[in-house]
Amino acid sequence: MSDAPRYRFAPSPTGFFHVGGARTALYNWALAKKSGGTFVLRIEDTDEARNQPEWTQGIIDALAWIGIHQDDPTFEGPYFQSSYAEAHIAAAEQLHRDGRAYYCDLTGEQVQERAKQNGKPGYDGYSRDRGLEPGPGRVLRFRVPEGQTVVEDLVRGRVEFANDTIEDFVLLRGNGSPMFLLANVVDDVSMRVSHVVRAEEHLPNTPKQQMLWHALGHTPPTWAHVPVLVNEQRKKLSKRRDKVALEQFRDEGYLADAMVNYLMTLGWAPRGDIEIVPWQQIQDEFRLEDVSHSPAFFDLKKLASFNGEYIRALPLDDFIEACRPFLTGPDVPWTPQQFDEEVFRSIAPLAQTRLVVLPEIVALVDFLFLDAPPMDDAAFTKTFASAEANAVHTDAIDEYTTLSRWDHDTLKTTLEEIGTRHGLKLGKAQAPVRV
RNA sequence: GCCCCCAUCGUCUAGUGGCCUAGGACACCACCCUUUCAAGGUGGCGGCACGGGUUCGAAUCCCGUUGGGGGUGCCA
């Protein structure tokens, strides 16, 4: 058995891939790659019914987009948590036999009632010593030991929890099915996970998992809880309020490299003063110990800036290929007959410095393929407010129509002359023509 | 309520007791370049939450306050 580190990445199948999850995946991936270890993908849901194949495929596709490929030797999985229920239950029963867990017949309501009477929230350990046997409706609870639990966290350091603040949590539901916490630990043990790198929101349940590791007779993994990504209100990014689906960024014309680079600068920074760096450098330099402790605001503006830089840095052919989906899709305003690949090719270098996201390419080049391209009404009204502007425009149409040579210099000289005739300098004269 | 985490420009960060008059990036502003818009160049604005310690010396260590966030399910 190899002792190379094994990093597990465990998203739940929610129908889309969260940008925060993407960053965590990238952390795990960089570490696995750098160490010669393994990236273990586990689809996290104990309920078989919720595992939709297309959602799993969505996760795999999204991972592939950001460079985490299923066919890479570093990649292992996907595993489905729901298919290991038997092992989870067996582990729970073992815990019961060992006296580390006990059955309880209180319903959720009864637990709450007792809590109210006690003046203390949570389960009070009512059935600890009642020696109940398993039975329908009875849950199996973990017997939290006395003392304290110390979590050694790679990004946060030493975190202490007093065990008496942790209630005897449920391992098996009344219907016998395993809870996520248990399932997680059992799977981590059997998949020989050595490093658990996940979002900070999981820190409070880490002592529970750690106790389970010990109770099951194993040494807990190395923990690392990375800060969450937040919105402008400093709240954790959520699907309801915020744009968080990685797939959406992909579809809206963000480059994967830009996205990856940007995500990695949230909570971490490469050495030196340059933030835009190749993945290889990120992979080499990334360390969990250097990850920031505080939440990071996901800034669309900065992402846009990164994207623009990455677009500009693309070799021409790559740029053209990157634009293609947005030039030939069903939403494009021109017909395939109107679109001219060669014409596009010649103007592409000019367009390349003007894009923030790829779909903007359409509005930039549509006048080349359309008889009547959409106009900016505001700009039109403003520009054509003066008589001179209208005159320049009319003259330009006349003269451009009969021009012998249609090139940069001739066009410019002609327009300059027209402008002079109407008392306008080139800067002003060209405006109506451009509009 | 209880538990846990966090705190450097508006934002993302560098900084691990003297290299800090706190560096970079995004955003913003100005100027340059320019036939437009961009791109590019130059410059500017702007920050160590507060109060106590420790130390010859603190953004950096300790304590407290305040503020923010997360967790507290027979969800994952």
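All chains are named by letter (A, B, ...) in the order of the sequence lines, taking the proteins before the strands, and each is independently numbered beginning at 1.
Remark: the separation of the C1' atoms in rG71(B) and rA76(B) is 14 Å, to the nearest Å. Comparing rG68(B) with rU55(B), their C1' atoms are spaced 31 Å from each other, to the whole Å. Atom name C1', nucleotides rA38(B) and rC75(B): the rounded distance is 49 Å, in whole Å. Rounded to a whole angstrom, the distance from the C1' atom of rG23(B) to that of rG15(B) is 9 Å. Distance noted for atom P between rA14(B) and rU35(B): 43 Å (whole Å). Using C1' as the reference atom, rA25(B) and rC63(B) are 35 Å apart when rounded to the nearest Å.
Listed pair Arg312(A) / rG40(B) meets the phosphate criterion, a side-chain N or O lying under 4.0 Å from OP1 or OP2. Side-chain N/O atoms of Arg173(A) include one lying less than 4.0 angstrom from OP1 or OP2 on rC75(B). In terms of phosphate contacts, Arg271(A) brings no side-chain nitrogen or oxygen within less than 4.0 Å of OP1 or OP2 of rG23(B). For the pair Lys301(A) and rC12(B), the criterion of a side-chain N or O lying under 4.0 Å from OP1 or OP2 is not met. Residue Arg354(A) has no polar side-chain atom (N or O) positioned under 4.0 Å from OP1 or OP2 of rG40(B). Between Thr46(A) and rA76(B) there is a side-chain polar atom (N or O) within less than 4.0 angstrom of OP1 or OP2.
Judged by distance alone, the side chain of Tyr27(A) and the main-chain N or O of Phe286(A) form no donor-acceptor pair under 3.5 Å. Side chain of Asp153(A) to backbone of His225(A): a donor-acceptor contact under 3.5 angstrom is found.
For the pair His202(A) NE2 and rC5(B) P, the interatomic distance rounds to 17 Å; values are reported in whole Å. Straight-line distance from the CZ atom of Arg234(A) to the C1' atom of rC12(B): 10 Å, rounded to whole Å. Here rC26(B) presents its P atom at 8 Å from CZ of Phe306(A), a figure rounded to the nearest Å. Nucleotide rC4(B) holds its P atom 19 Å from the NZ atom of Lys236(A), rounded to whole Å. Rounded to whole Å, the distance from CG on Asn205(A) to C1' on rC5(B) is 14 Å. Per the geometry, CD belonging to Glu167(A) stands 16 Å off P belonging to rG71(B), to the nearest Å. Between the CG atom of Asn231(A) and the C1' atom of rG68(B) there is a distance of 13 Å, rounded to whole Å. Taking atom CG of residue Leu181(A) and atom P of nucleotide rU72(B), one finds them 10 Å apart after rounding to whole Å.
Between Val228(A) and Glu44(A), the one whose closest nucleotide on RNA chain B sits nearer the 5' end is Val228(A). Residue whose closest nucleotide on RNA chain B sits further toward the 5' end, between Trp268(A) and Val155(A): Val155(A).
Comparing atom distances between the Asp273(A) side chain and each of rC12(B), rG23(B), rC75(B) picks out rG23(B) as nearest. Minimum atom distance to the side chain of Ser305(A) is reached by rC26(B), of the listed rC26(B), rG70(B), rC75(B). Here rU13(B) is the nucleotide among rG70(B), rU13(B), rA76(B) with the atom lying nearest to any side-chain atom of Ala269(A). Of the candidate nucleotides rC3(B), rC5(B), rG24(B), rC3(B) has the atom lying nearest to any side-chain atom of Thr165(A). Minimum atom distance to the side chain of Asp299(A) is reached by rU11(B), of the listed rC74(B), rC5(B), rU11(B). Candidate nucleotides rG1(B), rA76(B), rC6(B) were compared by shortest atom distance to the side chain of Pro121(A), and rG1(B) ranks first.
Under 3.5 Å, the side chain of Lys302(A) and the base of rA27(B) form no donor-acceptor pair of N or O atoms. Taking 3.5 Å as the limit, the base of rG24(B) and the side chain of Glu275(A) contain a donor-acceptor pair of atoms between them.
Within the nucleic acid shown, Tyr262(A) has no heavy atom closer than 4.0 Å to any nucleic acid atom. Looking at heavy-atom distances under 4.0 Å, Glu232(A) makes no contact with the nucleic acid at all. In this structure, Phe180(A) reaches the bases: a heavy-atom distance under 4.0 Å links it to at least one base atom across the strands shown. As judged by a 4.0 angstrom heavy-atom cut-off over every strand, Thr353(A) is placed among the base-contacting residues. Contact annotation for Val139(A): base contact, defined as any heavy-atom pair under 4.0 Å involving a base atom. Gly137(A) comes within contact range of at least one nucleobase, with a heavy-atom separation under 4.0 Å. At the heavy-atom level, Leu171(A) lies nowhere under 4.0 Å from the strands shown. If you check every strand for non-hydrogen atoms under 4.0 Å, Lys235(A) touches sugar and phosphate atoms only.
Using a cutoff of 4.0 Å between basic side-chain nitrogens and carboxylate oxygens, Glu321(A) and Arg324(A) are scored as salt-bridged. Under the 4.0 Å criterion applied to side-chain N and carboxylate O atoms, Asp242(A) and Lys235(A) are not assigned as salt-bridge partners. For Asp105(A) and Arg130(A), the salt-bridge test passes: some basic side-chain N is under 4.0 Å from an acidic carboxylate O.
rC61(B): Watson-Crick or G-U partner is rG53(B), with both key distances under 3.5 Å. If you check rA25(B) for Watson-Crick or wobble pairing at under 3.5 angstrom, you find it paired to rU11(B). Checking rC2(B) for Watson-Crick or G-U wobble geometry (two distances, each under 3.5 Å) identifies rG71(B) as its partner.
Between Gly67(A) and Trp29(A) the shortest heavy-atom distance is O-NE1, 3.6 Å. When all heavy atoms are compared, the tightest approach of Gly20(A) to Leu229(A) is CA-CD2, 3.6 Å. Closest approach of Asp45(A) and Pro13(A) over heavy atoms only: CB-CD, 4.0 Å. When all heavy atoms are compared, the tightest approach of Leu212(A) to Leu182(A) is CD2-CA, 4.1 Å.
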